[in-house]
Number of protein chains: 2
Amino acid sequence: MSPRKFFHPDAAALTLHRILFALSDPTRLAVVSELKDGAERASGDLLAESVPRSTMTHHLKILREAGVTRTRPEGMRCLISLRRDDVDARFPGLLEAILAHGHSG
Amino acid sequence: MSPRKFFHPDAAALTLHRILFALSDPTRLAVVSELKDGAERASGDLLAESVPRSTMTHHLKILREAGVTRTRPEGMRCLISLRRDDVDARFPGLLEAILAHGHSG
DNA sequence: TACGATGTACGACGAACACCGTACATTATC
DNA sequence: GATAATGTACGGTGTTCGTCGTACATCGTA
């Protein structure tokens, strides 16, 4: 009955090339774009119609382990949000520049 | 005897995920960091002591085809420079945010 | 406890990648 | 033309990635 646990790297442990890699995939870029307003969204609501669950789990794990997103269990679901404060503190302007463009490129 | 030709994508054809992927490798990030002052540098002078020539050719090709760098033949050598104007026009602030951090992360 | 809903773990597959040695092409100089 | 310097193309190897189906775990509710 232990509650679900998710590994999140410390803010100081974020590396630029890992973050850039996490954002170098169109699917993950689309996920991040859906989170750019700062709100939490349930995992199952992200691109639900176009991406199978196991594939989405894989992408969310890469984003989370790179330090780009935070995953918080809430009942049966998982709420995903951007770690905007931590990323901004370490790489100022990076997320802003990436999110400004949406994900059409 | 045709002079050497290098494919460069049009500025309008740059895509965000390709650029981010090109910059998601520590070696390529180090190369870009050496070019951030805007000057041209010879291919053979970039990380020459730590990366074999054929490997460097591989990385420079990825950077060039993503639209991050420009390659210009000059005699026997190849001069590499950042396509800062084109990248900035399409993704304002992106290169600045990435280059601000050097390449230690 | 039984059930349905949500998400993860694991395995498999094909594709792409990083790395590098070798052979080749291009260039300048002798 | 011959030679040396620089960089590319090609091939091979091992690794990683993206995708997804299936089985399992967790959670809320009946």
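Reckoned from all heavy atoms, side chains included, excluding hydrogens, waters and symmetry mates. All chains are named by letter (A, B, ...) in the order of the sequence lines, taking the proteins before the strands, and each is independently numbered beginning at 1.
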Between [N] ([atom2]) and [X] ([atom1]): distance, integer Å:
X: B/Lys5; N: C/dA25; atom1: NZ; atom2: P; answer: 20 Å
X: B/Leu47; N: C/dA18; atom1: CG; atom2: P; answer: 15 Å
X: B/Arg53; N: C/dG21; atom1: CZ; atom2: C1'; answer: 11 Å
X: A/Met56; N: D/dG21; atom1: CE; atom2: C1'; answer: 17 Å
X: A/Ile80; N: C/dT8; atom1: CD1; atom2: C1'; answer: 12 Å
X: B/Glu40; N: D/dG7; atom1: CD; atom2: P; answer: 13 Å
X: B/Lys61; N: C/dC19; atom1: NZ; atom2: P; answer: 16 Å
X: A/Phe7; N: C/dA9; atom1: CZ; atom2: C1'; answer: 18 Å

Has B/His17 got a side-chain atom pairing as donor or acceptor with B/Thr15's backbone, closer than 3.5 angstrom? no

Test your reading of the model: is there a side-chain donor-acceptor pair from B/His8 to the backbone of B/Thr71, 3.5 Å cut-off? yes

Using a heavy-atom cut-off of under 4.0 Å over every strand shown, decide if A/Thr57 touches base, sugar-phosphate, or nothing. base

Gap separating the [atom1] atom of [X] from the [atom2] atom of [Y], nearest 0.5 angstrom:
X: B/Ser81; Y: B/Arg72; atom1: OG; atom2: CZ; value: 7.5 Å
X: A/Leu14; Y: A/Glu65; atom1: CG; atom2: CD; value: 12.5 Å
X: A/Leu95; Y: B/Leu94; atom1: CG; atom2: CG; value: 11.0 Å

Sorted by chain and residue number, the salt bridge (Lys or Arg N to Asp or Glu O under 4.0 Å) partners of B/Arg77 (sequence neighbours excluded) come out as B/Asp45

In this structure, are over 12 heavy atoms from other groups packed under 6.0 Å from A/Glu96 atom CD? no

Please tabulate, one pair per line, each protein N/O and nucleotide N/O from nucleotides 28-30 of chain C that are separated by under 3.5 Å, including the distance.
none

Strictly below 4.0 Å, N to O, side chains only: are A/Glu34 and A/Lys36 in salt-bridge contact? no

Within 45 degrees of the axis of the six-membered ring of B/Phe21 and under 6.0 Å from its centre: does B/Arg28 put its NZ or CZ there? yes

Please enumerate all protein N or O atoms sitting under 3.5 Å from an N or O of nucleotides 10-18 of chain D, with distances to 0.1 Å.
unit_1, atom_1, unit_2, atom_2, d
D/dG18, OP1, A/Arg28, NH1, 3.2
D/dG18, OP1, A/Arg28, NH2, 3.0
D/dG18, OP2, A/Arg28, NH1, 3.3
D/dG18, OP2, A/His58, NE2, 3.3

